[in-house]
Amino acid sequence: MAACAIRRGLLSTASKYNQHKCTHRILSAIDFSSGLDPKRVQPLCSACGLSSFQQTRFMSSRNRPEGKILEPVGVFEALKQHGKYETGQLFLHSVFGYRGIVLFPWHARLYDRDVSPAAAADSKPESVAHGSKEVKGKMHTYYQVLIDTRDCPHISQRSQTEAVTFLANHDDSRALYAIPGLDYVSHEDILPYNSTEQVPIQHELFERFLMFNPSRNPPFTARDTLRAWQEKNHPWLELSDVHRETTENIRVTVIPFYMGMREAQNSHVYWWRYCIRLENLGNEVVQLRERHWRIFSLSGTLETVRGRGVVGKEPVLSREQPAFQYSSHVSLQAPSGHMWGTFCFERTDGSHFDVRIPPFSLESNKYDKAPPTGYPL
């Protein structure tokens with residue numbers, strides 16, 4: 001419910017902020033299931049009409065009879081219309097509402113099927129074709145970020161918080177290990193803020209990756225361990241292509257990652273993970289009921305996968321909770337292939353409609369890589 005409030009409230013607030021250059025205190029959610037009621041917003045600045053947004057945690061009366069906890073976090077900063085956010089930038093996620101900090105940026109090609117070729121042709125685009133439709137790729141900034149562990153339990157129904165996985169460093173080709181509390185976010189996902197706290201984000205990697213430096217802006221800089229970890233795991237962390245398409249106000253964004261190759265029963269098995277975000281851009285309440293995948297391998301095989309929901313869930317997308325994000329994995333016995341398909345959604349009146357999943361390539365990197373390394377202990 002707070003995701004919608006974050007979208008409607010904080011984004012409009014940040015837009016006004018950029019116009020008037022005012023500074024305001026912000027409050028972050030401890031429990032995003034409580035929601036952010038726009039009716040309770042009180043204006044703070046008569047010049048620009050900006051408001052304080054109080055996200056509250058509603059606890060059981062047995063634990064907290066008063067029912068509300070507010071936690072001050074920091075002060076909004078101006079959104080970056082040009083350039084990128086630097087390592088150490090604190091932010092609220094504009095869709096999921098969690099607190100986070102930027103580790104490092106990536107540049108990816110965004111293939112947006114909602115944008116006309118003419119509109120996407122201004123930034124030295126590359127193109128991909130599917131059937132008769134050519135889509136231009138435009139360079140876009142994404143970020144690797146840490147999620148505050150205090151917020152992870154409260155977004156678990158709307159976003160996985162262990163989306164970054166690697167192949168384990170042994171012979172079991174199906175063994176994976178996860179790095180908890182990492183996410184990939186788009187430039188538009190970030191609502192930047194600053195804080196006077198030396199440890200504003202609670203995460204086991206925060207103090208191993210970052211250090212406080214009051215003379216810098218932002219005042220958190222990368223330690224050598226973060227630089228070394230990024231360099232060693234670069235092939236498994238970097239995103240190169242992002243695919244996006246909207247059907248009947250449901251936008252699907254897909255980010256595929258190559259994970260590496262394992263030998264199994266005298267053959268090579270290639271693994272990928274893919275992150276999918278579903279967003280309801282309209283006012284109608286809908287629920288995801290089924291998935292239907294087509295997976296083509298360079299070896300010539302075409303596999304069809306159909307099933308209920310995704311990752312064991314059938315998420316409801318509404319104005320109060322408009323988005324859902326998850327990750328999954330796929331393996332092929334060939335170094336490349338591609339995937340596409342549909343999600344079947346149900347409306348409140350019982351009718352159904354299909355939402356297209358934009359086709360995306362599964363490409364293995366052409367050079368050999370050492371196994372990924374874990375995070376420093």
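All values derive from a computational prediction rather than experimental measurement.
Remark: the Thr221 side chain and the Asn213 side chain contain no N/O donor-acceptor pair separated by less than 3.5 Å. Thr253 and Arg244 share no donor-acceptor pair across their side chains, judged by distance under 3.5 Å alone. Between the side chains of Arg273 and His329, not a single donor N or O lies within less than 3.5 Å of an accepting N or O. Using modelled atom types, one finds no donor on one side chain facing an acceptor on the other under 3.5 Å when comparing Tyr111 with Arg113.
Residues Leu210 and Arg223 are not in side-chain contact: their nearest non-hydrogen atoms beyond the backbone lie 4.5 Å or more apart. Counting heavy atoms from C-beta on, the side chains of Val95 and Glu279 come closer than 4.5 Å. Residues His352 and Phe345 have side chains not in contact (no heavy-atom distance under 4.5 Å, counting atoms from C-beta outward). Residues Leu362 and Met339 are in side-chain contact: their nearest non-hydrogen atoms beyond the backbone lie under 4.5 Å apart. Proximity of Ile357 to Val254: side-chain heavy atoms (C-beta onward) are separated by under 4.5 Å at one or more points. In this structure, the side chains of Tyr274 and Ser328 come closer than 4.5 Å at one or more pairs of heavy atoms. Residues Ile276 and Leu278 form a side-chain contact, since some pair of their non-hydrogen atoms from C-beta on lies under 4.5 Å apart. Here the side chains of Gln144 and Tyr184 are in contact, with some heavy-atom distance below 4.5 Å.
Annotation for Glu207: atom CD does not count as buried by contact number, only 12 or fewer foreign heavy atoms lying within 6.0 Å. The number of heavy atoms from other shown groups lying within 6.0 Å of CD (Gln333) does not exceed 12. Annotation: Arg216, atom CZ; neighbour count of heavy atoms from other residues, nucleotides and ligands within 6.0 Å does not exceed 12. Residue-environment remark: CG (Asn266) stays at or below the threshold of 12 foreign heavy atoms within 6.0 Å.
The aromatic rings of Phe360 and His243 sit tilted, their planes meeting at an angle between 30° and 60°. The aromatic rings of Phe343 and Tyr326 sit perpendicular to each other, their planes meeting at more than 60°, with 30° as the lower class boundary.
Every residue meeting the side chain to side chain contact (heavy atoms under 4.5 Å, CB included) condition with Glu303, not counting sequence neighbours, appears here in chain and number order: Ile295, Val305. Residues passing the side chain to side chain contact (heavy atoms under 4.5 Å, CB included) test with Ser186 are His140, Tyr142, Glu188, Asp189, sequence neighbours excluded. Applying the side chain to side chain contact (heavy atoms under 4.5 Å, CB included) test to Asn217 and every residue at least two apart in sequence or in another chain returns Glu77.
Evaluated for a ring pair (Phe, Tyr, Trp, His ring centres under 6.0 Å) with His234, the options Phe104, Trp229, Phe257, Trp106 yield exactly one hit, Trp106.
Formation of a donor-acceptor pair under 3.5 Å by the Ser336 side chain with backbone atoms of Glu363 is not found in this model.
Ion pairing between a basic and an acidic side chain is recognised when a charged N comes within 4.0 Å of a carboxylate O; Arg347 and Glu248 show such pairing. We find that Asp148 and Arg150 are joined by a salt bridge, their nearest charged nitrogen and carboxylate oxygen being less than 4.0 Å apart.
Taking the centre of each ring, Phe206 and His203 stay at or above the 6.0 Å mark.
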**OP:** Would you please test Gln321 and Asn280 for side-chain hydrogen bond (donor to acceptor under 3.5 Å, both in side chains) and show each step?
**Re:** CA-CA 9 Å; Gln321 293 191 355; Asn280 186 351; over 6 Å; no

